[in-house]
Number of protein chains: 2
Amino acid sequence: MQVRDGSLQVLLWERAQEPDVHRWALPGGMLRLDEDIEHSIRRQLKEKVDVRQLAHVEQLAVFSAPDRVPGPRLVASAFLGLVPSDNDPEVPPDTRWHPVDDLPTTAFDHESIVRRAQHRLRSKLSYTNIGFALAPPAFTMSELREIYSAALGYSVSSTNLQRVLSRRGLLEPTGETTKPGRAGGRPAALFHFTVRGMQVTDEFAVLRPPAAKTR
Amino acid sequence: MQVRDGSLQVLLWERAQEPDVHRWALPGGMLRLDEDIEHSIRRQLKEKVDVRQLAHVEQLAVFSAPDRVPGPRLVASAFLGLVPSDNDPEVPPDTRWHPVDDLPTTAFDHESIVRRAQHRLRSKLSYTNIGFALAPPAFTMSELREIYSAALGYSVSSTNLQRVLSRRGLLEPTGETTKPGRAGGRPAALFHFTVRGMQVTDEFAVLRPPAAKTR
DNA sequence: ACAAAAGTGTTGACTTTACACCCATGA
DNA sequence: TCATGGGTGTAAAGTCAACACTTTTGT
């Protein structure tokens, strides 16, 4: 998934064969005997759709209903992969990015997989630093605000976004600023995330462990 | 998993054959063609170890490293299942409950699966009503306190536990009370959970949607 | 000077922990 | 009446959303 043109989008591939011809499917394929599933996902995205810049990949769920696809029983292990908004992989002609809120007719149970991914992403934006995987290496707070707004599906205040992320030590000014647009306005400071990999930043909303008595 | 004797325990089965003879393994088995994985798990627990009272079952993760078990490649889909502390299934002689903080030598990658399950449970105790699946149908706050403390691995105050769960509308007094022990003391009120299935009760720790303007 | 965009200060609402205190019972 | 365990009141700390206000730029 990626935030592009102000909305959260997912890369889908139009099936050319039965079953479910012309319906849109998630990229993926068969697992080789010598690789684990995450490795397989990365390989297929690279080989088939030229997506190499996955800033974050995580397991979503296994879909194992006996009738989820016609024909022989097939178990799917779904993953969520995030691409930073500044990259634009050259995808093949039969694939396209689709806004999550305006999906075409999907193949098999892929729509429910996309829904699950969207839900996971929304939740994690709140209690982890997962935003780093959607954002470019450096950004203004306005840009980050748009990314978060697109992914969450509602408007976020850049003021409060900055405060929340700063309090958690996730955000750091690079020192540089951007030029203002033609309309003028104060130049925006550039920020970047301090941590690369995903971390839980707000564990234990309640029922925290007892205070570690200082002294 | 279940809280028994004041600690969080997991049911393991001692392998009688190579590979990994005499090491302890999680219960499980092969997936049939006509069932989904959750159905399979419930079936195997029922048939093999007589565990029927699973108050909650959820997917944990897929383990797919090519060398996770010797021999032909085998992908495992791990689940977390919770048994309320008031039941004591009659398990076969080659299985035993083990405290998660004192595991025996486990087979294959099963220790990391247990760790993952423990982590998942701890997290969810904080932001969902998952405690209902560990507790008996009715309980005193002291009893619930012990269950939560065992599962979380640190001491929880029954005062605050009650308040947190009550505020969320998860807890309800049954009206009944218990007899005090021989040492005296005020009789404890009995409570039960208002909701049976798992629900997220504390979504959006931060970055909540804008207030739905009332009026 | 004015509009535009970015950033800061501040307030109020809400949670949650910690702890002092009160209540009901058996010996 | 005292010890014991259960339950309530309350204060202090922390977090967050909202919004007014200030800063910095281009025209």
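Since we're looking at a predicted model, the values are computed, not measured. Letters A, B, ... are given to chains in the order of the sequence lines, protein chains preceding strands, and every chain is numbered from 1.
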Notebook entry, point to check: Between atom CZ in B:R167 and atom P in C:dT17, what is the gap in whole Å?
Noted result: 9 Å

Check: Which class fits the ring pair B:F139 and B:F191: parallel under 30°, tilted 30 to 60°, perpendicular over 60°?
Finding: parallel

Next item on the list: Return the 5'-most residue of the pair A:K179, A:R168 with respect to DNA chain D, ranking by each residue's nearest nucleotide.
Entry: A:R168

Next item on the list: Let me know the distance between CZ of B:F139 and P of D:dG7, rounded to the nearest Å.
Entry: 12 Å

Margin query: Looking at B:Q59 and B:A78, would you say the former's side chain and the latter's main chain have a donor-acceptor pair under 3.5 Å?
Written below: no

Margin query: Under the criterion ring pair (Phe, Tyr, Trp, His ring centres under 6.0 Å), I'd like the reasoning laid out for B:W24 against B:H98: C-alpha separation, chi angles, the key distance, then a yes or no.
Written below: CA-CA 10 Å; B:W24 295 81; B:H98 292 272; 4.4 Å; yes

Margin query: Taking 4.0 Å as the cut-off, does a side-chain nitrogen or oxygen of A:R208 come that near to OP1 or OP2 on C:dT16?
Written below: no

Notebook entry, point to check: Among side-chain atoms of A:Q44 and A:S40, is any donor-acceptor pair under 3.5 angstrom?
Noted result: yes

Notebook entry, point to check: Separation of A:D202 atom CG from D:dT15 atom P, in whole Å?
Noted result: 9 Å

Item checked: Donor-acceptor contact below 3.5 Å, side chain A:R145 vs main chain A:V156 -> yes

Next item on the list: Classify the nucleic acid contact of B:R145 as base, sugar-phosphate or nothing, counting any heavy atom under 4.0 Å across all strands shown.
Entry: nothing

Margin query: For residues 187-209 of chain A, which residue pairs pass the salt bridge (Lys or Arg N to Asp or Glu O under 4.0 Å) check, not counting sequence neighbours?
Written below: A:R168-A:D202

Margin query: Nearest whole Å is fine: how far is D:dG5 P from B:E143 CD?
Written below: 15 Å

Notebook entry, point to check: Separation of B:L161 atom CG from D:dG7 atom C1', in whole Å?
Noted result: 13 Å

Next item on the list: Nearest whole angstrom, please: distance from the P of D:dA17 to the OH of A:Y154.
Entry: 9 Å

Next item on the list: Determine the minimum heavy-atom distance between B:S85 and B:P136, stating which atoms define it.
Entry: OG-CD, 3.4 Å

Next item on the list: Mind calculating the distance between CD (B:E146) and P (D:dG5) to the nearest angstrom?
Entry: 12 Å

Check: Could you write nucleotides 7-12 of chain C as a row of B, S and -, 5' to 3', where a protein heavy atom under 4.0 Å of any base atom gives B, of only sugar-phosphate atoms gives S, and otherwise -?
Finding: SBBB--

Check: Tell me: CG of A:L165 to C1' of D:dA17, nearest whole Å?
Finding: 15 Å

